[in-house]
Amino acid sequence: MDTHRIYTDDTLRETVVRGSQAYPFAFYPENIWEFDFHRIDWHWHHELEFLFVDKGTAICFAGDNRIELSEGSGIFINSGTLHQYEAKSSAFCPNIVFDATLLAPEDTLIYEKYVKPILHSSVAFQVLQPDVAWQYHILETLNRIFSVQEIDGGNELRTMHLLFQCWDVLYQNMNMGSISPVVRRLNHRQAKLQTMMQYIHNHYKEAITLDMIANSVPISKSGALHIFRSCIQTSPVSYLIQYRLTQAAGQLKTTQKSVSFIAADTGFSDAGYFCKKFKQRYHMSANEYRRQNS
């Protein structure tokens with residue numbers, strides 16, 4: 001079975017283009033199980049997202065929240081929310097991702113009154129359960145949107161009609177709260193996380209330490225640990241090792257450099273330790289990975 005992966009920039013922003021400038025909407029009939037490591041890794045996007053669990057169970061992480069989504073449930077992900085999906089077995093989860101300006105251009109009454117309040121609210125996500133009447137209505141409408149995407153050509157108007165229905169129900173029922181200092185602190189914390197990640201991406205070949213990662217912001221070592229664990233549920237050093245292994249895997253696929261050279265080139269001072277960590281992550285040796293992906 002072919003695996004899929006998600007592509008992000010150095011801030012974890014997903015880099016895929018959604019539809020077109022004239023129609024910024026995309027439909028993805030995806031099975032999370034088919035992605036690398038059976039997860040859609042940490043990412044964020046400016047666009048809005050609705051996901052529905054058609055078969056199986058999906059686990060969504062949004063910051064330090066772990067949300068188990070059973071079959072028949074779904075979730076709305078607000079703009080800018082850092083999130084990840086995982087599956088323990090096959091989990092077919094069709095989803096739509098679209099720019100908020102698809103609903104209405106900025107500086108219009110519709111955008112200011114009905115779109116912007118949700119975008120700028122304190123709500124990072126909204127779980128959708130079939131046993132709650134208004135949430136069930138959104139889930140049913142989402143399934144109609146998915147069905148419309150199977151029509152070749154001419155489905156944009158019908159999609160928009162249904163999307164407005166979803167948004168109307170969401171707007172009428174979601175407890176948006178207010179733009180509070182808590183939200184600003186969360187955004188500030190994510191900015192610090194991305195700065196530290198950028199430091200790791202720029203210096204992963206070097207012998208960098210937790211002190212050096214924390215000083216890139218700057219914050220204390222305990223502060224750096226807290227931000228990584230609360231935002232992406234790992235430590236800075238674990239993320240560094242994971243990033244080094246990802247870079248090494250890329251070299252194994254695209255070059256004929258020796259394993260020991262690649263280990264040293266990606267920041268591992270000990271080739272034996274590299275081989276141990278590589279096997280733990282990819283469940284095969286570096287040479288086996290190269291043969292399988294050559």
Side-chain angles (χ1 to χ4, degrees), residues 3-16 35-45 61 63 82-86 187-294:
T3 58
H4 309 282
R5 64 184 58 190
I6 191 164
Y7 294 92
T8 62
D9 64 15
D10 289 338
T11 71
L12 292 186
R13 182 181 65 84
E14 192 175 7
T15 55
V16 67
F35 280 74
D36 281 353
F37 307 109
H38 312 309
R39 66 172 177 257
I40 301 176
D41 221 337
W42 289 104
H43 67 287
W44 64 274
H45 35 71
F61 296 91
L82 190 64
H83 59 291
Q84 171 181 276
Y85 297 107
E86 290 184 0
N187 291 338
H188 189 53
R189 184 174 64 181
Q190 186 167 324
K192 287 185 175 181
L193 170 70
Q194 291 167 351
T195 299
M196 289 187 284
M197 285 179 163
Q198 182 66 65
Y199 179 84
I200 288 171
H201 297 172
N202 290 342
H203 299 277
Y204 73 93
K205 294 185 178 185
E206 305 165 19
I208 60 177
T209 64
L210 176 58
D211 267 324
M212 296 164 73
I213 295 169
N215 285 338
S216 69
V217 175
I219 53 174
S220 66
K221 289 191 292 184
S222 61
L225 283 165
H226 175 72
I227 287 175
F228 268 82
R229 286 174 176 161
S230 62
C231 288
I232 59 171
Q233 302 184 359
T234 191
S235 71
V237 173
S238 293
Y239 180 81
L240 167 63
I241 293 171
Q242 178 181 312
Y243 188 77
R244 285 172 169 169
L245 291 171
T246 301
Q247 299 306 306
Q251 289 199 40
L252 287 166
K253 287 196 291 187
T254 59
T255 76
Q256 293 303 313
K257 297 173 183 176
S258 69
V259 171
S260 59
F261 179 92
I262 291 173
D265 191 53
T266 53
F268 291 94
S269 58
D270 185 319
Y273 179 74
F274 163 75
C275 290
K276 176 184 175 181
K277 287 296 182 180
F278 192 93
K279 191 164 188 177
Q280 285 178 354
R281 177 166 176 79
Y282 290 94
H283 306 293
M284 64 182 75
S285 70
N287 284 321
E288 289 171 333
Y289 182 89
R290 168 172 274 164
R291 286 194 295 270
Q292 191 172 106
N293 290 277
S294 61

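Panel note: side chain Thr15, backbone Tyr7; a donor-acceptor pair is recorded below 3.5 Å. No side-chain donor-acceptor contact under 3.5 Å links Arg290 to the backbone of Ser285. Not a single donor-acceptor pair under 3.5 Å links the side chain of Thr255 to the backbone N or O of Leu252.
Ring geometry, Phe274 versus Phe278: the interplanar angle falls from 30° to 60°, so the pair is classed tilted. Relative orientation of the His45 and His43 rings is tilted, given thresholds of 30° and 60° on the angle between their planes. The aromatic rings of Tyr243 and Tyr204 sit perpendicular, their planes meeting at an angle over 60°, well past the 30° parallel limit.
Rounding to the nearest 0.5 angstrom, the gap separating the OG1 atom in Thr254 from the CG atom in Asn293 is 10.5 Å. Between the CG atom of Leu82 and the CZ atom of Arg13 there is a distance of 13.5 Å, given to the nearest 0.5 Å. Put simply, NE2 on His83 and CD1 on Ile40 are 8.0 Å apart, with the number rounded to the nearest 0.5 Å. The distance from the NZ atom of Lys277 to the CG atom of Leu245 is 8.5 Å, given to the nearest 0.5 Å. To the nearest 0.5 angstrom, Asp211 atom CG is 11.0 Å from Ser216 atom OG. The OG atom of Ser235 sits 14.5 Å away from atom NE2 of His226, with the distance rounded to the nearest 0.5 Å.
Side chains of Tyr273 and Ile241 form a contact here, defined as non-hydrogen atoms less than 4.5 Å apart. Counting heavy atoms from C-beta on, the side chains of Arg189 and Leu193 never come closer than 4.5 Å. Counting heavy atoms from C-beta outward, Ile227 and Val217 have side chains that stay 4.5 Å or more apart. Counting only heavy atoms from C-beta outward, the side chains of Ile232 and Gln84 never approach each other to under 4.5 Å. Inter-residue side-chain proximity for Trp42 and Met197 is flagged as unmet; no heavy-atom pair is nearer than 4.5 Å. Contact annotation: the side chain of Pro236 never approaches that of Met196 to less than 4.5 Å [non-hydrogen atoms, C-beta and beyond]. Counting only heavy atoms from C-beta outward, the side chains of Glu288 and His283 never approach each other to under 4.5 Å. Contact check for Gln251 versus Asp265: side-chain heavy atoms found under the 4.5 Å cut-off.
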| said: Applying side-chain contact (heavy atoms from CB on, under 4.5 Å) to Arg39 and Phe61, what does each step give before you reach the verdict? | reply: CA-CA 11 Å; Arg39 66 172 177 257; Phe61 296 91; over 6 Å; no
| message | Evaluate Thr234 against Gln242 for side-chain contact (heavy atoms from CB on, under 4.5 Å), listing each step before the verdict. | response | CA-CA 10 Å; Thr234 191; Gln242 178 181 312; 5.5 Å; no
Checklist line | side-chain contact (heavy atoms from CB on, under 4.5 Å) between Arg281 and Thr246, intermediate numbers included | finding: CA-CA 10 Å; Arg281 177 166 176 79; Thr246 301; 4.1 Å; yes
side-chain contact (heavy atoms from CB on, under 4.5 Å) between Asp41 and Asp36: does it pass, once the steps are laid out?
CA-CA 9 Å; Asp41 221 337; Asp36 281 353; over 6 Å; no
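The two atoms that bring Leu12 and Tyr239 nearest to each other are CD2-OH, 4.5 Å, heavy atoms only. Here the closest heavy-atom approach between residue Ile208 and residue His203 is recorded as CG2-O, 3.7 Å. Of all non-hydrogen atoms in Ala263 and Ala271, the two that sit nearest each other are CB-CA, 4.2 Å.
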